[in-house]
Amino acid sequence: QVQLVESGGGSVQAGGSLRLSCAASVYSVSNGCMGWFRQAPGKEREWVATSYLGGGSTYYADSVKGRFTLSQDNRKNTMYLQITSLKPDDNDIYYCAARLRPAEKCSGSLQNYQEFIYWGQGTQITVSS
């Protein structure tokens, strides 16, 4: 069974940076696609970014372009979300998600959370002003 384990959240002052990690327990992150979403209490899950693994396309929500950057380490089966210039509006729980099995084809920017199959447990980012 595929498991995604997130880490890297925490408390930071506005203007600071964090790097979130999402490690996949099985399969390779050199294929398939992985995405990040965020959610505040009482609000819908918001798409942040998607990356086609193996050197494919990367998509970012307009609200995070220029501040959020995806990367991956295939040897560690891990994807990263680097966040800079953090703002109080970034206060959310961040989730990584994936489609990794060969039969789980990826298509488009996958902005709908229902398009992803596997989910991490979430990691909280708290930004103080």
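Residues: numbered from 1 along the sequence shown. Heavy atoms only: backbone and side chains are in, while hydrogens, waters and symmetry mates are out.
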Does [X] reach the side chain of [Y], with side-chain heavy atoms less than 4.5 Å apart?
| X | Y | value |
| --- | --- | --- |
| Thr123 | Ile93 | no |
| Leu20 | Tyr80 | no |
| Leu100 | Leu53 | yes |
| Thr126 | Val12 | no |
| Leu110 | Cys33 | yes |
| Gln121 | Glu6 | yes |

Say whether, by atom type as modelled, one donor and one acceptor occur between the side chain of [X] and the main chain of [Y] under 3.5 angstrom.
| X | Y | answer |
| --- | --- | --- |
| Tyr60 | Thr50 | no |
| Thr69 | Gln82 | no |
| Asp92 | Ala40 | yes |

State the CZ-CD1 distance between Arg19 and Ile83, to the nearest 0.5 angstrom.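 These two atoms lie 12.0 Å from each other.
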
To the nearest 0.5 Å, how far apart are OG in Ser21 and NZ in Lys76?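 One finds 8.5 Å between OG of Ser21 and NZ of Lys76.
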
Assess whether ring-ring contact (aromatic ring centres under 6.0 Å, His included) is satisfied between Tyr113 and Tyr95, documenting all intermediate values. CA-CA 10 Å; Tyr113 70 90; Tyr95 298 90; 9.9 Å; no

Do NZ/NE/NH1/NH2 and the carboxylate oxygens of Lys87 and Asp89 come within less than 4.0 Å?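 A salt bridge is absent here (no side-chain N lies under 4.0 Å from a carboxylate O).
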
Is Lys65 paired with Asp62 through a side-chain N to carboxylate O contact shorter than 4.0 Å?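 Answer for the salt bridge query: yes.
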
Same cluster or not: Val48 versus Tyr52, using hydrophobic residues (I, L, V, M, F, W, Y) connected whenever any side-chain heavy atoms lie under 4.5 Å apart?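 Val48 does not cluster with Tyr52.
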
Shared hydrophobic cluster for Leu4 and Phe37 (ILVMFWY, side-chain gaps under 4.5 Å):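 Different clusters.
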
What about the rings of Tyr59 and Trp47, do their centers lie closer together than 6.0 Å?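 Tyr59 vs Trp47: aromatic centres not under 6.0 Å.
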
Step-by-step side chain to side chain donor-acceptor pair (under 3.5 Å) determination, Arg38 to Tyr94: CA-CA 4 Å; Arg38 61 185 182 182; Tyr94 285 72; 3.0 Å; yes

Listing request: all salt bridge (charged side-chain N to carboxylate O under 4.0 Å, His left out) pairs with a residue in residues 115-129, at least two apart in sequence or in separate chains.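 Counting only pairs at least two positions apart or across chains, no salt bridge (charged side-chain N to carboxylate O under 4.0 Å, His left out) contact touches residues 115-129.
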
Which heavy atom of Thr78 sits nearest a heavy atom of Ala23, and at what distance?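 Looking at all heavy atoms of both residues, the closest pair is OG1-CB, 3.6 Å.
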
Which atom names give the shortest non-hydrogen contact between Leu70 and Ala49, and what distance separates them?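 So the minimum-distance heavy-atom pair works out to CD1-CB, 3.6 Å.
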
Side-chain H-bond candidate by donor/acceptor type, Tyr118 with Arg101, under 3.5 Å: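 On atom types as modelled, these side chains qualify, holding a pair under 3.5 Å.
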
